[in-house]
Amino acid sequence: MIGGTSMGGLVSGLYSMGYDADYLDSLVRAIDWSVMMSDKVPDSYSTYKRRHDKERFGIFLPFHYEQEDRVTKLQREKSVKKALSKTETRTSDISEEAVMKARMEMPDGYLFGFNVRNTLSSVSVGYQDSICFQELPIPFFCVATDMVSMKAKNWTSGSLVDAMRSTMAIPFYFRPVRTEGQVLSDGGTRNNFPVDLARAMGADIVIGSEMPVHRDASELNSLGALAMQNISMMSSDAANRTRDMVDVLLEHELPGYNMLSFDDESVSNIIRMGYEQALEHKEEFLAIADKIGKRYPHNPQHPARDIAKGPVKIRELRIEGVTVEEQKWLLRPFRFMQSPFFGKKEIDAVISHLYGSRAFESVTWRLEGAEEPYTLIFDCQKGQVNEIGANVHIDNDERVSVGAFVGLGTRRLSGWRFQAETKLGTNTVLNLEGGFKPLKRMPSIGMAWKTVYQDYTYWYDGLDSKINAVHSKIDLFVEDSQMTFGRFRMGLSVLTEPYEEFFDMKVMWKGWDLRSHWESAFAQFRLDTFNDGYFPTQGYRLDLNARYVFSGYSVYMDSKESDEILEGKVPPFFTGMGSFSFARTYGDFTFRPMFYAGWTSQEHGKMAVPHSLGVGGIMEGRYLDNQIPFFGFPTGVRVYDDIVGTAQLDLRYRINHKNYATLRAGLFKNAQTVATVFGVPSAYAFGAEYGRKTIVGPLMVGLEWCDLTGFGLHFSFGFIF
């Protein structure tokens, strides 16, 4: 027999299914552990809107289950709560109960671990029914910890995948496995070296392999180290007792490595050190082999199948935990699979598609049956349907901005949804949006109301002015909200400016006026395959935005011919903006050219301020709808008429996976006609920047020089929203 705890239980389970040492070695080396130790879903299975929102707010916390889904969840947890009810409740726990009643439950682990579970399921085909582990090619056992009874859970039968997944559910990192009223986490807190269990199951000779960790005072200087020491402490007495029960003991001291040392170099070194440690006990192994001779019984059970090595035939594919209509929709992208054979690639596609919808908090799958054809079942548990997010951003243009996001129904597969987004700073924004997302692949419809208060400096005709303005707009739109690599929205818009206040020599605000309005039709289109929104190494981005203002009225229309202020109907005009950029990487160097262009058919003075054409800053659209970024003008915005364009080339060097150094050059051109676009640049600039990825967003510090503005410094910290 073979068994163990945590990673020992995981490896034991794989070996018990008939895989030999060479296979396990190749499996461990082939796994991308950076993905395995995460819940990352490939970009191709997530909507662009979702990825774009994450690049603006970083992290979203879900809350509130739908009533029917909450009933299902409560039914699954009923036995757990029954066990908990037998214990006394502390007064301090009342607040937690109140939070639960408010349906604001926090996650019970950093990761669900679906990539780990997916791998375990893919290599255990043929043994995914509820079985007695004695029936495996090699009898198997492992140990988990039941958080309800606070005792060890000795796995000797049941779901093999659940057993292997629960024994290595690192506390607070992976969510525990919930099954049959038990909440199971890593067995290391109760019996990290289960020699006693092997003896109790009838083992005559025991070979034990363990990795004790001895931390001195200098190493206990962080929260992570203290947490790991507490886990070791909880099982130390049991390990000391069982250590004397083995016939051959291998102890692997692994200084510098821990439970999360899964990079390629660490895995290779650990395997090598394990082999060298085993060689030191070669004579003991040979003595045991000689003693056993040919008496070791051969188990005729067939080995498990690894669907990564080849597909298996299925008779039926179904998704549990969803309605019939939802199942049809979720399986629609895979209807092209005419073959009844499914391998890991096909199953990965389905499970990533399910997780990418954001509607489910857990997805597991199994192949029922001992032999082909199997029944492929995906078991989905719907998650909380609402979400909140928050963010803080600092830069030298807006200084400090605070953002918040609330989405109601935004995690549903379909139906009505509402979201509110606010930004507090010199450019304060309140954006309310509601709409209906159909289940089928049809455009979503909705209405958005956006109100902006702005306080910034702009330049026009060589003069700088301070502008304080409030404007509001209402959009009626249709959009394709399910695009994977982009977005498309079009509709009708009404813009109003209750007041404009220009602190220059010409105009002073004289009070509120609700007569100014602009009616327009707009269209927005984006294709974006960048693998990172801030430091891309591959992909491209194409943006096209157009607006036609077909009617309106303004109480303030500047005249170039005189200082006269005109009032009256707004002549129809058109504005448009487009951009294209791509990234190519060679070694640690990434080249990223960027091109922006904008055009307007009307003079700035006869347009609504938000519709004007502007250049400047590190962010497009910060102050004006048609604002083109240009690092040579690091703050504020410069307003132009007719045609503007910028070209920029970044040469970025990756210092390591989080730090970058960038050299850039760029030029800006303002032209009155298309024929003069390619003339002498209106401005050019050079710069250098240091960038770093952080948990709260990118840090970017740069120095630039422009022939119009001289030297400048830009600073940005946090996700840009």
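Looking only at distances, a side-chain donor or acceptor of T709 sits under 3.5 Å from a matching main-chain atom of G632. With N386 contributing its side chain and G409 its backbone, the two residues share a donor-acceptor pair below 3.5 Å. Using modelled atom types, no side-chain atom of S352 and backbone atom of A349 make a donor-acceptor pair closer than 3.5 Å. For the pair T422 (side chain) and V429 (backbone), a donor-acceptor distance under 3.5 Å is present. With hydrogens and angles ignored, the 3.5 Å screen pairs no side-chain donor or acceptor of N396 with any backbone N or O of T635. A donor-acceptor pair is defined here as one N or O able to donate and one able to accept, closer than 3.5 Å; no such pair exists between the side chain of Y596 and the backbone of P629. Judged by distance alone, the side chain of D642 and the main-chain N or O of T600 form no donor-acceptor pair under 3.5 Å. A side-chain donor-acceptor contact under 3.5 Å links Y19 to the backbone of V123. A donor-acceptor pair is defined here as one N or O able to donate and one able to accept, closer than 3.5 Å; no such pair exists between the side chain of E55 and the backbone of H52. Here the side chain of D707 pairs a donor or acceptor atom with the backbone of Y684 at under 3.5 angstrom.
Here the closest non-hydrogen pair linking S122 and K344 is OG-CE, 3.6 Å. When every heavy atom of S268 is checked against every heavy atom of R29, the shortest pair comes out as OG-NH1, 3.4 Å. Heavy atoms only, all atoms of each residue included: R547 and H611 are closest at CD-NE2, 3.5 Å. Taking every heavy atom of both residues into account, A597 and I628 meet most closely at C-CD1, 3.7 Å. Here the shortest heavy-atom pairing between R654 and H657 reads CD-CA, 4.4 Å. For V116 against R165, the heavy-atom pair with the smallest separation is CG1-CD, 4.5 Å.
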* Going through the distances and angles, do R117 and T364 end up as a side-chain contact (heavy atoms from CB on, under 4.5 Å)? -> CA-CA 8 Å; R117 190 181 186 99; T364 60; 3.1 Å; yes

request  = Applying side-chain contact (heavy atoms from CB on, under 4.5 Å), run through F522 and R489 and close with a yes or a no.
outcome  = CA-CA 8 Å; F522 68 91; R489 175 180 287 195; 4.0 Å; yes

Applying ring-ring contact (aromatic ring centres under 6.0 Å, His included) to Y640 and F668, what does each step give before you reach the verdict? CA-CA 12 Å; Y640 295 93; F668 156 68; 5.0 Å; yes

Item to complete: Begin with the C-alpha distance, continue with both residues' side-chain angles, and end with the deciding distance and a verdict on side-chain contact (heavy atoms from CB on, under 4.5 Å) for F591 and L651.
Response: CA-CA 5 Å; F591 294 85; L651 173 59; 3.6 Å; yes

Report task. Start with the C-alpha distance between T662 and R592, add both sets of side-chain angles, then the distance that settles side-chain contact (heavy atoms from CB on, under 4.5 Å), and finish with yes or no. Result -> CA-CA 10 Å; T662 303; R592 186 187 176 188; over 6 Å; no

- Task: Dump the intermediate steps for salt bridge (charged side-chain N to carboxylate O under 4.0 Å, His left out) on E398 and R622, then the final yes or no.
- Result: CA-CA 10 Å; E398 279 196 279; R622 168 171 276 181; 3.2 Å; yes

Could you list the donor-acceptor pairs under 3.5 angstrom formed by side chains in residues 714-721, with sequence neighbours left out?
unit_1 : atom_1 : unit_2 : atom_2 : d
H714   : ND1    : E704   : OE1    : 2.7
H714   : NE2    : E689   : OE2    : 2.8
S716   : OG     : H393   : NE2    : 3.4

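Checked by atom type, the side-chain pair N626/W599 shows no donor-acceptor distance below 3.5 Å. A donor-acceptor contact closer than 3.5 angstrom links the side chains of S493 and D475. Side-chain atoms of T537 and N531 include a donor-acceptor pair closer than 3.5 Å. Judged purely by distance below 3.5 Å, without hydrogens or angles, the side chains of N659 and Y690 pair a donor atom with an acceptor atom. Under 3.5 Å, the side chains of E433 and N431 contain no donor-acceptor pair of N or O atoms.
When side chains are defined from C-beta on, L254 counts as touching I270, because their heavy atoms get closer than 4.5 Å. F342 has its side chain out of reach of I307: every pair of non-hydrogen atoms, C-beta onward, lies at least 4.5 Å apart. In this structure the side chain of L527 reaches within 4.5 angstrom of the side chain of F525, judged on heavy atoms. Looking only at side-chain heavy atoms (C-beta outward), E421 and R56 come within less than 4.5 Å of each other. Between W365 and N118, the closest side-chain pair of non-hydrogen atoms falls below 4.5 Å. Under the 4.5 Å side-chain criterion, counting only non-hydrogen atoms from C-beta, Y660 is not in contact with Y534. A heavy-atom distance below 4.5 Å is not found between the side chains of L613 and T575. The shortest distance between side-chain heavy atoms of Q538 and T585 does not fall below 4.5 Å.
Here the straight-line distance linking atom NZ of K437 with atom CD1 of I445 works out to 14.0 Å at 0.5 Å rounding. Interatomic distance, CG of L424 versus OG of S401, reported as 8.5 Å (0.5 Å rounding). Atom CG of L317 and atom CD of Q327 lie 7.5 Å apart (nearest 0.5 Å). Distance CG/D528 to OH/Y540: 9.0 Å, rounded to 0.5 Å. Distance check, rounded to the nearest 0.5 Å: NZ of K382 to CG of L413 gives 5.5 Å. To the nearest 0.5 Å, the span separating CD1 on I314 from CG on L376 amounts to 5.0 Å.
No cation-pi contact links R652 to F535, judged by a cut-off of 6.0 Å to the six-membered ring centre and 45° from its axis. Note that R541 lies outside the cation-pi zone of F530, set by a 6.0 Å cut-off to the ring centre and a 45° limit from the axis.
For F630 and F633, the distance between ring centers is under 6.0 angstrom.
Ring-plane geometry between W705 and F686 is classed as parallel, the angle between the planes falling under 30 degrees on a 0 to 90 degree scale with a further cut at 60.
Salt-bridge check for K345 with D348: failed, with every basic side-chain N at 4.0 Å or more from each acidic carboxylate O.
Annotation: R272, atom CZ; neighbour count of heavy atoms from other residues, nucleotides and ligands within 6.0 Å is above 12. Remark: M490 CE is loosely packed, at most 12 non-hydrogen atoms of other residues, nucleotides or ligands lying under 6.0 Å away.
Scored by the side chain to side chain contact (heavy atoms under 4.5 Å, CB included) test, A647 finds F595, L667 as partners (sequence neighbours excluded).
Of the residues V161, V125, D379, the one that meets the side-chain contact (heavy atoms from CB on, under 4.5 Å) test with R366 is D379. When each of E387, R417, R358, R50 is tested with T410 by the rule side-chain hydrogen bond (donor to acceptor under 3.5 Å, both in side chains), just one qualifies, namely E387.
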